[in-house]
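A short write-up of the structure that comes next.
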Amino acid sequence: MKREAFFDRDASHYYCEDGKAVGAYCREHFPEDVAQTLAVADGVCRKYFLFNSKWDLEQTDEPVQFDGAIDWTYMPADDPEFVWQFNRHRFFMTLGQAYQMTGDEKYARAFMEIAEDWIDHVPLNEKYAAGPWRSLDTGFRGEYWSKAIWLFHDSPTLTEAFLQKYYDSMILQAEHIMECHSAYRYMSNWGVIENHGLFEIGVCLPQSEKTKQFIAFAVKNLEVQVRMQIMPDGVHWEQSPMYHNEVLHCLLDVILLAKRNDIALPDVILRQTEKMAMADVAWLKPDHHIVMMGDSDDVDVRDRISVAAYLFLNPVLRFGGFDRLDYESIWDLGMKAGEEYAGMERREPDFTSLFLEHSGNTYFRSDWSERANFLHLHSGTMGAGHGHSDKLHIDLVVNGEDVLMDGGRYTYVSGPKRFSYKDPSGHNTITVDDLPFTVCKDSWECSKLSQPVKENFRCTKLAEFAQAGQLGYMDLPGGVYVNRKVVYIKPDLYVLADEMYTGDRHTYQQYFHFNNHGTVTQNAPGEKKFPCVAYRGKMAEADFYFVSAQVKAELKSGHIARHYNVEEENTVCKVTKQGEGFTSLITVIDAQPGRPLSIEKLPVRSALKQTDYPETMAEALKITAGEKEYVVILCHQEVNSPTDLVEVDGCMGYGNVIVFDKAGDVLVGDVLNW
């Protein structure tokens with residue numbers, strides 16, 4: 001196929017319109033990324049492969065070197081993820097970027113030789129169907145091959161024979177994606193990734209009736225998929241921020257190419273995609289990284305938000321994105337888009353804290369600075385196989401630094417290690433009798449699930465509140481309903497109240513998994529009024545006071561995986577208490593421990609009957625933090641009958657959760673839950 005027939009439109013219809021200008025821009029602004037790109041590209045030229053790019057979904061830390069022929073089915077450590085990652089060929093884009101930055105034809109030769117090797121030696125047959133030709137990875141190739149070939153469009157190395165072979169293979173891969181379509185694709189991220197790849201093939205190959213069929217088929221399925229998979233609050237149903245952002249990336253690619261080729265998309269694709277990007281803004285930690293919820297790594301997602309900001313001209317997304325288009329995004333969007341992005345309006349969101357009610361995720365945020373305090377509570381569905389047993393899990397950031405963290409994912413290989421990251425004990429949540437409320441059957445399927453109870457959220461000037469429950473222990477003797485209340489007294493005090501409703505006797509466990517970049521210590525018995533654990537990091541300090549009676553707190557060794565295949569040790573605090581009938585566990589977290597702090601447990605009185613309620617009905621705390629004095633009332637049951645008020649230390653009000661600032665209103669208070 002002649003070059004002019006293959007590249008049948010000008011640069012404005014593809015991605016990066018001027019690779020050499022983009023390369024010069026990147027050398028000036030992103031020297032580290034340029035150095036990594038050239039190092040990876042040079043390695044690929046030697047058949048040396050290491051997958052450690054930011055968005056490699058299953059990264060590797062052990063390089064693979066082929067001295068002779070490439071084995072496209074090579075599987076180190078019995079992990080098939082390597083086979084699938086390898087056969088996506090993301091490194092073809094890296095070779096293309098290196099070519100545009102250097103003009104060195106060795107990168108074009110490597111691209112052509114390796115692509116031809118794959119085409120010639122990996123046919124679509126039963127032997128390769130579950131490995132290199134898995135439909136998901138064929139979808140990835142649709143993107144990576146389409147972006148790579150354009151980066152080599154001006155290379156004299158590419159022959160007419162190669163372009164024909166490449167074209168024939170792309171047609172075969174597109175048809176394979178279409179043949180694999182099933183109802184499963186409507187709900188799985190596979191469907192979006194595959195149809196995104198099909199769309200890119202259809203747009204980036206020479207235009208014909210066949211490529212128009214690819215585009216129409218992909219758009220039809222993507223419309224159904226975004227309607228099914230994206231909740232009204234913008235969160236992908238699988239409850240994994242990393243895969244949420246992979247789906248978002250696919251949709252952004254589709255929208256970009258549609259704009260550049262005058263392809264009309266259903267409005268629902270545009271609406272749902274913009275909602276996904278706004279969900280990213282809501283759950284950004286102060287360091288701009290996502291929480292490692294479900295199967296997620298520790299990743300800065302401003303690149304995804306930046307592309308969305310540009311495509312939707314959204315100033316709030318622009319606020320959540322980078323100051324300038326990042327390295328990967330400029331290669332997709334090009335220099336003209338980079339200049340337009342730099343001139344866009346930035347607008348801070350009109351919220352700090354937010355409840356995404358459909359996915360069941362609450363975010364408390366002190367402000368939008370990089371030194372903010374931030375707490376995330378999850379109370380939604382588990383999602384698909386990429387979801388974890390993390391109902392009622394919390395993440396906590398203090399002064400911009402992680403304190404309590406999700407452990408990540410580490411591996412997809414089924415076994416005890418995989419389960420240790422997915423099970424409730426691997427999260428900052430509560431278990432009963434050391435039993436999981438969700439039971440993993442294998443890496444992806446569960447033999448038992450837990451129904452979430454998504455409740456309410458409220459913000460006042462003084463405090464913020466969320467609560468949620470789960471039904472995973474209703475099959476135990478007496479049944480156990482677990483409810484978690486979070487009271488955030490702005491800007492740096494948190495009260496965590498875990499309530500277990502049952503008619504039987506059980507043992508309860510709270511888990512707190514700490515950032516391994518700081519140190520965790522425990523006070524000696526009798527040193528403080530309540531058992532206390534202290535975290536000290538580079539920027540963050542936080543003290544955890546376990547104020548319920550007869551609790552045992554112990555520090556244990558745990559693990560954390562910020563990236564796939566990379567595991568580190570961390571410290572876990574396990575708090576245990578036995579109880580018969582209703583039992584509560586109350587924790588106070590002081591995120592500014594340099595000031596004087598005192599905590600008293602006080603009885604809750606009936607203001608009219610002048611009798612004290614038992615702790616199984618209501619509890620109260622008086623917290624003195626520096627110059628501030630607060631009273632927090634937590635009612636575990638309805639107590640005001642027939643007409644009554646609750647009273648603690650001179651503070652009176654009506655409600656199930658009330659916070660009083662004693663320097664202000666001691667009547668009414670800030671009622672957070674009625």
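Checking H388, R409, K422 one by one against D295, the side chain to side chain donor-acceptor pair (under 3.5 Å) holds for a single residue, H388.
Note on ring orientation: taking the six-membered ring where Trp is involved, the planes of F86 and F82 are tilted (angle from 30° to 60°). Ring geometry for Y410 versus Y421: interplanar angle under 30°, hence parallel rather than tilted (30 to 60°). Note on ring orientation: taking the six-membered ring where Trp is involved, the planes of W145 and Y166 are parallel (angle under 30°, cut-offs 30° and 60°).
Checking side-chain atoms of R3 against main-chain N and O of L158 turns up a donor-acceptor pair under 3.5 Å. Not one N or O on the side chain of W133 forms a donor-acceptor pair closer than 3.5 Å with the backbone of H176. The backbone N or O of H393 sits nowhere less than 3.5 Å from a side-chain atom of D390 that would complete a donor-acceptor pair. Distance alone, capped at 3.5 Å, places no donor-acceptor pair between the S188 side chain and the Y184 backbone. With hydrogens and angles ignored, the 3.5 Å screen pairs a side-chain donor or acceptor of S450 with a backbone N or O of G472. Side-chain atoms of N261 do not come within 3.5 Å of backbone N or O of I263 as any donor-acceptor pair. Distance alone, capped at 3.5 Å, is enough to place a donor-acceptor pair between the Q272 side chain and the V226 backbone. The main-chain N or O of L151 is found under 3.5 Å from a side-chain atom of Q100 such that the two form a donor-acceptor pair.
Aromatic ring centres of H89 and W118 lie closer together than 6.0 Å.
Between the side chains of T138 and E194, no donor N or O sits under 3.5 Å from an acceptor N or O.
Side-chain contact between D423 and C440: present, with at least one pair of heavy atoms (C-beta onward) separated by less than 4.5 Å. Using a 4.5 Å cut-off on side-chain heavy atoms (C-beta onward), F312 and L252 make contact.
Salt bridge annotation for E105-R109: absent, with no cationic side-chain nitrogen under 4.0 angstrom from a carboxylate oxygen. Salt bridge status for D297 with R562: absent, with no side-chain N to carboxylate O gap under 4.0 Å. We find that E116 and K165 are joined by a salt bridge, their nearest charged nitrogen and carboxylate oxygen being less than 4.0 Å apart. A salt bridge is defined here as a Lys NZ or Arg NE, NH1 or NH2 lying under 4.0 Å from an Asp or Glu carboxylate O, and K417 with E567 meets this definition. Between K47 and D67, no side-chain nitrogen of the basic residue sits less than 4.0 Å from a carboxylate oxygen of the acidic one, so the salt-bridge criterion is not met. Salt bridge absent: K454 and E357 never bring a charged side-chain N and a carboxylate O closer than 4.0 Å.
The salt bridge (Lys or Arg N to Asp or Glu O under 4.0 Å) analysis of residues 254-269, with sequence neighbours excluded, yields the pairs D267-R271.
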Pair D42-K106, salt bridge (charged side-chain N to carboxylate O under 4.0 Å, His left out): steps then yes or no: CA-CA 9 Å; D42 288 340; K106 74 175 183 179; 3.1 Å; yes
